[in-house]
Amino acid sequence: MIYADYAATTPVSERVCSVLANATREVFGNPSSLHSVGHAAARLVDHAREQVADLLGCLPEEVFFTSGGTESDNHAVRIAADRRIVTSEIEHPAVLEAARHMSGQLDLIDTDPSGSASVSSLAHLLRDREVALVSLMYANNETGVVQPVREAAAAAHAVGALFHCDAVQGAGHVMPTVRELDCDLMSVSGHKLHAPKGIGVIYIRKDIVENVPALHYGGGQERGIRSGTLPVPLIAALGEACDEARERMHEDDRRVMHLRDAIEDELLTIRDSVRLGSGERMPGILDIAFSGVGGEALTLLCDLHGVAISAGSACHSGDLSPSRVLLSMGVSPELALSAIRISIGRYTTAEEAERIASTVRTCVALSLGSAV
Ligand code: PLP
């Protein structure tokens with residue numbers, strides 16, 4: 001099976017696996033314990049916190065471990081509970097649904113046809129209103145389109161709002177630091193950067209930490225913000241994944257973008273194919289639609305032919321309605337239902353990229369009942 005669904009999740013790297021296994025076997029102490037078995041675990045956690053901070057470009061004390069992207073997003077939104085929140089139509093449900101449930105008032109930034117949140121729509125929403133939080137993702141998980149995060153942060157700060165960035169699809173790739181993006185809060189998920197599932201981070205800028213409510217109450221771990229015994233092996237694994245990403249990201253991103261562009265060029269020669277999303281995109285993501293072919297059916301057919309891709313976003317699979325991200329870009333419901341997402345990454349080879357393109361072409365032809 002060729003794996004082309006890196007935006008859904010990534011394989012755990014060998015280096016990370018061995019850190020995970022070692023920490024699980026050898027470092028079982030509770031990092032809160034006073035004895036040396038506990039200290040060994042605490043040292044591992046401290047080291048991992050530094051590794052994450054190095055990747056994000058922040059201080060270790062600004063890194064708080066969570067169970068993943070969803071928890072981090074929910075926590076960021078909770079800071080503005082019952083107040084006005086502005087976010088985009090294209091956010092992941094972890095932000096959008098959290099904001100729907102927790103905000104006092106929710107306003108959504110329009111999307112440009114390119115797949116980018118509209119900066120002028122944001123400016124309009126911020127005019128003459130008291131806003132507690134603006135949240136904009138770094139890159140969209142369906143189209144891969146990189147969002148105007150710096151502009152959104154500046155606009156938020158100009159009206160005294162906090163700024164949160166869901167960087168789940170960006171972290172581990174070449175991405176500006178939290179300082180360069182001027183974020184107050186940022187969400188990261190381990191399993192999108194070759195660490196295991198069930199571990200993530202929320203970055204909280206040091207001067208707002210005092211105002212952040214506890215996610216839940218308990219033993220006061222993570223400076224009271226997220227109580228609960230720390231999952232030391234998962235944290236150590238995430239730290240290692242961040243180090244590995246930092247070492248490899250320039251080379252990996254360059255190579256992966258080259259392969260993605262080759263797949264894209266090949267598939268765009270198919271009649272009535274449309275690429276969805278333009279401008280700066282994440283290097284490994286391609287959202288593409290083949291008019292007259294159902295995206296879900298095409299995904300299943302590709303699976304039978306040995307290639308794992310996604311119809312729309314894997315987080316919503318099972319849901320046959322057209323992607324709301326694509327609809328917000330002005331894509332017709334028919335075309336949106338034809339969309340597939342191919343997402344490649346660190347371990348995709350040139351041969352696999354060729355096979356991905358040829359398999360999708362074959363499956364489009366089978367679906368249409370004619371050569372393409
Ligand atoms: N935010 C974005 C942009 C995502 O792509 C995802 C997962 O696909 C999440 C948040 C949720 O992250 P997790 O799976 O770690 O809960």
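Numbering of ligands and ligand atoms starts at 1, following listing order. Hydrogens, waters and symmetry mates are skipped; everything else that's a heavy atom, side chains included, is used. Just so we're clear, the structure is a prediction, and the values are computed from it rather than from any experiment.
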**Study point:** Lys192, portion touching ligand 1 at heavy-atom distance under 4.0 Å
**Key:** side chain
Check your understanding: Is there a donor-acceptor contact under 3.5 Å from the side chain of Lys192 to the main chain of Ala7?
Key -> yes
Practice item. Could you list which atoms of ligand 1 come closer than 4.0 Å to a heavy atom of His191? Key: 13 (P), 14 (O), 15 (O)
Check your understanding: Taking distance alone, with no angle check, do Ala7 and ligand 1 share an N/O pair under 3.5 Å?
Key -> no
**Study point:** Closest candidate by heavy atom, reference atom 9 (C) of ligand 1, pool Lys197, Glu91, His92
**Key:** His92
Practice item. Heavy-atom contacts with Ser189 under 4.0 Å: which atoms of ligand 1 show up? List them by number with element. Key: 13 (P), 15 (O)
Review point. Should the proximity of Asp73 to ligand 1, defined as any heavy atom under 4.0 Å, be assigned to the side chain, the backbone, both, or neither?
Key: side chain
Review point. Would you say ligand 1 has an N or O under 3.5 Å from any N or O of Asn141?
Key: no
Check your understanding: Where the side chain of His157 meets the backbone of Ala153, is there a donor-acceptor pair that is under 3.5 Å apart?
Key -> yes
Review point. Between Glu247 and Arg15, is there a side-chain N and carboxylate O pair less than 4.0 Å apart?
Key: yes
Review point. Does the pair Glu89/Arg324 count as a salt bridge with the N-to-O cut at 4.0 Å?
Key: no
Practice item. Would you please indicate yes or no on a ring centroid separation below 6.0 angstrom for His75 and Phe64? Key: no
Review point. So, Arg255 and Glu251, do they make that salt bridge, N to O below 4.0 Å?
Key: no
Check your understanding: Heavy atom under 4.0 Å from ligand 1: found in Val168's side chain, backbone, both, or neither?
Key -> side chain
